[in-house]
Amino acid sequence: MKTSNGPIGLFDSGVGGLTVARAIARKLPKESIIYFGDTAHLPFGEKSSDAIKTFSLKICQHLIKNGAKAIVIACNSASSVAFDYLQERINVPIFNVIDPLIDELQKLKPKGIGVWGTHATINSQVYKHKLEKSLPGTPTYSLATPLLVPLIEENHLNGEITESIIQYYLQESKINNIDHLVLACTHYPLIASQISKHLDMRITLLRTPKIVADWMAIELDNLGLLNKEESAVNHSFEVSDYTETFKKISRIFFGDGIILQEQNIWKSTDSV
Ligand code: DGL
């Protein structure tokens with residue numbers, strides 16, 4: 001049985017999940033975070049479901065070995081294709097980033113929903129199926145927007161190239177038919193303000209990291225897993241392949257004091 005003062009484990013392919021990690025750190029300031037960015041396998045969105053499942057399981061085992069009391073799959077691609085698979089195989093509570101967004105959309109009663117995500121997320125049709133169930137009759141327009149992740153990982157958060165790709169994807173979206181746009185990739189909130197700039201005023205861009213953090217606060221509380229002690233918060237950040245961008249963005253989010261470690265978990269033979 002995991003104790004309530006262990007860290008919350010989060011993982012993604014790279015910097016994207018840091019958007020969720022920061023929102024959780026803000027919402028739950030007593031919680032320590034252990035974050036793993038699988039930069040060696042980035043982008044997840046272009047990998048097969050089997051590959052994403054294999055990477056995700058190994059990362060979860062590593063996070064649990066390092067004390068994670070619960071795990072947030074801070075990646076829509078892995079949430080789409082690996083959530084059930086992981087839930088059956090690991091022994092701590094695990095959460096995806098999709099259910100909180102579906103729940104929020106249900107409250108917002110949208111007339112039409114646009115979903116931007118990676119190929120893995122869009123091809124899985126998880127959003128489409130969940131939305132058909134929770135908001136029957138509401139049209140959903142999904143678009144794979146794979147050029148955005150490499151741009152973000154290269155730290156092109158603004159500028160001409162980023163702007164023109166955003167505009168290109170907006171032209172490809174059925175923008176006249178939607179009033180809510182879901183950034184169904186945890187990297188995309190890093191360019192949310194650029195997307196907003198080109199977005200019609202009547203379209204609401206969902207604040208996905210905050211929605212996930214609010215959901216996690218309730219879920220962890222329900223499970224009795226929130227830290228009640230005044231112990232010092234200790235965040236740790238690991239990547240499978242060290243990158244300067246990861247270092248830069250993690251410091252923007254969590255300050256200069258953070259320690260980033262390269263951890264090649266693919267060499268070890270851990271199991272839970
Ligand atoms: N940030 C991830 C997601 O939410 C993965 C992006 C990628 O590596 O392709 O889907």
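Ligands are counted one by one from 1 in listed order, and the atoms in each one are counted from 1 as well. Being a predicted model, the structure only gives us computed values, none of them experimental.
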So, Thr118 and Ser77: side-chain donor and acceptor under 3.5 Å apart, yes or no?
yes
Rounded to the nearest 0.5 angstrom, the NZ-NE2 distance for Lys47 and His41 is 7.5 Å
Proximity to ligand 1 by part of Thr186, non-hydrogen separation under 4.0 Å
both
List ligand 1 atoms under 4.0 Å from Gly45, heavy atoms only on the residue side.
7 (C), 8 (O), 9 (O)
Quick check: is Ile24 connected to Val233 through a chain of hydrophobic side chains (ILVMFWY, heavy atoms under 4.5 Å apart)?
no
Should you measure from each heavy atom of Phe44, which atoms of ligand 1 turn up under 4.0 Å away?
7 (C), 8 (O), 9 (O)
How close does the nearest protein non-hydrogen atom get to atom 2 (C) of ligand 1, and which residue and atom is it?
Asp12 OD1, 3.1 Å
Output yes when the distance from some N or O of ligand 1 to some N or O of Thr121 is under 3.5 Å, and no in every other case.
no
Proximity to ligand 1 by part of Ser13, non-hydrogen separation under 4.0 Å
side chain
Exercise: do Ser80 and Tyr127 side chains pair donor with acceptor under 3.5 Å
no
Interfacing atoms of ligand 1 (cut-off 4.0 Å, heavy-atom, His187)
1 (N), 2 (C), 6 (C)
Thr121-Ser124 side chain donor-acceptor pair, cut-off 3.5 Å
no
Quick one: does Asn76 get an N or O within less than 3.5 Å of an N or O on ligand 1?
yes
Is the number of heavy atoms from other residues, nucleotides or ligands under 6.0 Å of Lys133 NZ greater than 12?
no
Please report whether the ring centroid of Phe36 lies less than 6.0 Å from that of His62.
yes
For ligand 1, which atoms, with element, lie under 4.0 Å from some heavy atom of Thr118?
6 (C), 9 (O), 10 (O)
So is there a nitrogen or oxygen of Ser77 less than 3.5 Å from a nitrogen or oxygen in ligand 1?
yes
Flag Val149 as yes when one of its N or O atoms lies below 3.5 Å from any N or O atom of ligand 1, and as no otherwise.
no
Per-atom contacts of ligand 1 with Cys185, taking only distances under 4.0 Å to non-hydrogen atoms:
1 (N), 2 (C), 3 (C), 4 (O), 6 (C), 10 (O)
Between Ser240 and Asp38, do the side chains contain a donor N or O and an acceptor N or O under 3.5 Å apart?
yes
